[in-house]
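Basis for what follows: all heavy atoms, side chains included, without hydrogens, waters or symmetry-related copies.
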Number of protein chains: 2
Amino acid sequence: MTTKTLHPAGANPGRSRSHNRQMVLGHVRRAGQIGRAEIARASGLSTQAVSNIIADLAGDGLLLEGERVSSGRGLPAVQYSLNPAGGYALGVEIRPDVLLVALLDLNGDTVFSRRTPLVDTRPEEVTAQILTLRKAALTHAGGDPARLMGAGIVMPGPFGTASAAQKGLELPEWSDIDANLWFTTALDLPVFVENDANAAAMAERNGGAGEGVSHYAYLYFGAGLGLGIVTNGQLMQGAFGNAGEIGHITVPSGNGAVVLEQAVSRLSLQAHLAENGIAAATSDALAQLYDASDPHLMGWLNQAAEPLTHAITTIENLCDPQTIILGGAMPDQILDHLIVACALSDRSVSNRDERELPRLMRGRSGRMSATQGAAALVLNHSFTPRLTPH
Amino acid sequence: MTTKTLHPAGANPGRSRSHNRQMVLGHVRRAGQIGRAEIARASGLSTQAVSNIIADLAGDGLLLEGERVSSGRGLPAVQYSLNPAGGYALGVEIRPDVLLVALLDLNGDTVFSRRTPLVDTRPEEVTAQILTLRKAALTHAGGDPARLMGAGIVMPGPFGTASAAQKGLELPEWSDIDANLWFTTALDLPVFVENDANAAAMAERNGGAGEGVSHYAYLYFGAGLGLGIVTNGQLMQGAFGNAGEIGHITVPSGNGAVVLEQAVSRLSLQAHLAENGIAAATSDALAQLYDASDPHLMGWLNQAAEPLTHAITTIENLCDPQTIILGGAMPDQILDHLIVACALSDRSVSNRDERELPRLMRGRSGRMSATQGAAALVLNHSFTPRLTPH
DNA sequence: TCGTTAACTCAAGTTAGTTGAATTATCAAG
DNA sequence: CTTGATAATTCAACTAACTTGAGTTAACGA
């Protein structure tokens, strides 16, 4: 996650081809099914060039040729679609106590997922476990190991050289390690390291609320509260990879200022319930409490709404997204409740007449969303042409 | 400022060349002086390719060939630098009562600047005045009109279809106009429309505090308070071009919540002074008050520090910048005072051990910073290769 | 049924990059 | 003060990848 200032690479025939291959894949993914001429029009290339590139991709097993489909006059266009088995992306989420792994195919469908306890969080041990799970995932899915395109890794931030006070809060053994370099070497794959909120935000691009949305923010309920900001279809990472630490901001509230994640987070909810003698470790337990209209849960929801509304307004004003998605380790009911409970201010720039999406939406919830998002980072990269800074 | 989802363009020989030309110009600009082999190494192109491109650019009058400069063994490299007269960028700032124009040369130096009153803000009138000023600017600077590369336009936001309540607050005649399209047609140039804060943020990239910084935020004191967020060297614009409306957020303060720009902005300062019978319309007047330690000004500074600190912390946590720059329509003294007065929290992710830049810096102040930034948008575009979405 | 339309292919042709050998100028070592 | 190593640069040949223009095929609609 060390972000050095990357200067752009020059374009030469090889890099142009690679760029164009990724671009074509991106068009196929967005469209689901598409013909060559349409890609040519969308990309500004000649149909001949697109034909050549598609022949390449089909030859490499990344595209499947479908039927001709007619649309009006003229020769019906041969449709191409992604070959799900053409590539796989590994998603790994490392938490202090548990290791989560998911394998997605080229379509973004989850073909394997596993949650295993983590007793030893030292890098060597974690890596060994990941290598084992990688093999299991590919075997289980029947995927060719050579078609594994990369791995996304979710780890608790903050990244980089944190201040002494913060260092090693969650995974002390990793605090001095360049995780990106470590995993690139250990897995021998392209690697993308992100925090949970950013990864979960990318998960929404695979058939989720963020599909086809170029600008959105994803408010992620993990242990604390995180934010993934997507601008022009790309994650905003910040200079040190720590953008989106929204849980740490202070917002006004009825009784003065509160730190957001002390009022709005799963931990804060569980602490509030514990104070009232209720243990609710799992999302199911929380869902049941909600369905039973538990007064303590409702009390927490009431006191959480105001700080959350302030946070939403802040995000809208700073980032001007098309929508803000709520997701993560909270039951759907509670997320939906929070969405309704936010009395959104008219003062925001987001309060505009014509909007295509609601200001708040519910995204994927559940424990695996960040893990799937980790894998989605790989897919997103493969479908996004960029004359790569090298 | 309508941001439609742009899909990337394919690469072909012509676009590759254009990309590479921009890339080379960018390297020359960053380095000031540089040899061909160094550009080749930095870009991953062959020296031969760079030689050809540089011959092109020099032939077009964009580069100047300098002396050979030796650095260690081997044939000393011929140095190239930008030809200031090789291109010009026009910056225009439209305010309800005044029109500001600046002309920058390829080096980013201001070769002309003018402030004229604006009595009629109807689009036709404003445009006519701009056309006149463009001619005057080029004549004055001795610049070839054909070398005008584009125009940056600063207008009050919010852009897009704002809600009825907000519509037309500042320039009602423009509320239904697509300013980008309008000026592209009227000026027959590439046009970049931004709000004042974003433009001012880009101005810092020309020999200012933002030069060479890939991630920073720029807090702009205009009428209200705006924020320009630069990520990976590019402005974050948001879905509708309204990102950075930080003045509208509410932050905690001693006596409850305040809307940020009601506590921290030039207007708020002037209102506070007016309540105490002091008129201070100009920056000079404010500077004098500050130098005289005027108690009312000091009182305002005291009450502004806390909300500002909250805002800074929010920006740090959401955007994770290398630094935050304060600038705009405030005297240097007052900006410096505010920088010192912000008691920055240790809770921010920005509180890290190793940082190269201070968390807060003072940028350019004064009336023309947004106007110069408008022109800088053009330069930045010319130096940033991007297989342009078309 | 026949002309129009549009996707697609084939076979040059073009652009812009790469490669490798030759040239030149500086530094450093003997 | 030569001499060899080093590095920038050019020249000429080569190559990759896109474009162009002339067919070919298949669907629609008058």
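Rounded to whole angstrom, the span from the CZ atom of Arg17(A) across to the P atom of dT18(C) amounts to 17 Å. When rounded to the nearest whole Å, the span between CD1 of Ile39(A) and C1' of dC8(C) equals 14 Å. In this structure, the CG atom of Asn52(A) is 12 Å from the C1' atom of dC8(C), given to the nearest Å. Spacing between atom CD1 of Ile53(B) and atom C1' of dT9(D) amounts to 15 Å, rounded to whole angstrom units. Atom CZ of Arg15(B) and atom C1' of dT15(C) are 14 Å apart (whole Å). Look at CD on Glu38(B): it is 13 Å from C1' on dA7(D), rounded to the nearest Å. When the P atom of dA25(C) is taken as reference, atom CZ of Arg36(B) falls 14 Å away, rounded to whole Å. Computed from coordinates, the Asp56(B) CG to dG17(C) C1' distance equals 13 Å when rounded to whole Å.
Between the side chain of Gln48(A) and the base of dC8(C), no donor-acceptor pair under 3.5 Å is found.
Each of Gly35(A) and Asn12(B) was assigned the nucleotide of DNA chain C with the nearest heavy atom; the assignment lying further toward the 5' end belongs to Gly35(A). Each of Arg68(A) and Pro13(A) was assigned the nucleotide of DNA chain C with the nearest heavy atom; the assignment lying further toward the 5' end belongs to Arg68(A). With DNA chain D read from its 5' end, the first of the two nearest nucleotides for Gly14(A) and Ala37(B) is the one closest to Ala37(B).
In this structure, Asn20(B) reaches the sugar-phosphate backbone alone: every heavy-atom distance under 4.0 Å involves primed, P, OP1 or OP2 atoms, never a base. In this structure, Ser46(B) reaches the bases: a heavy-atom distance under 4.0 Å links it to at least one base atom across the strands shown.
With dA25(C), dA5(D), dC8(C) as the candidates, the nucleotide lying closest to the side chain of Leu75(B) is dA25(C). Here the nucleotide nearest the side chain of Ser70(B), chosen from dT9(C), dA26(D), dC27(C), is dC27(C). Closest to the side chain of Arg73(A), out of dT10(D), dT5(C), dA27(D), is dT5(C). Nearest to the side chain of Ala49(A), among dT9(D), dT9(C), dT19(D), sits dT19(D). Relative to the side chain of Leu45(B), the nucleotides dA7(C), dC18(D), dG17(C) differ in distance, and dG17(C) lies closest.
No donor-acceptor pair closer than 3.5 Å links the side chain of Arg36(A) to the backbone N or O of Ser51(A).
With no hydrogens or angles considered, no side-chain donor-acceptor pair links Ser382(B) and Gln22(B) at under 3.5 Å. A donor and an acceptor atom, one from each side chain of Tyr80(B) and Gln33(B), are nowhere located under 3.5 Å apart.
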Exercise for review: Applying side chain to side chain contact (heavy atoms under 4.5 Å, CB included), run through Val191(B) and Thr184(B) and close with a yes or a no.
Suggested key: CA-CA 6 Å; Val191(B) 160; Thr184(B) 304; 3.6 Å; yes

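Side-chain nitrogen and oxygen atoms of Ser16(A) include none within less than 4.0 Å of the OP1 or OP2 phosphate oxygen of dA17(D).
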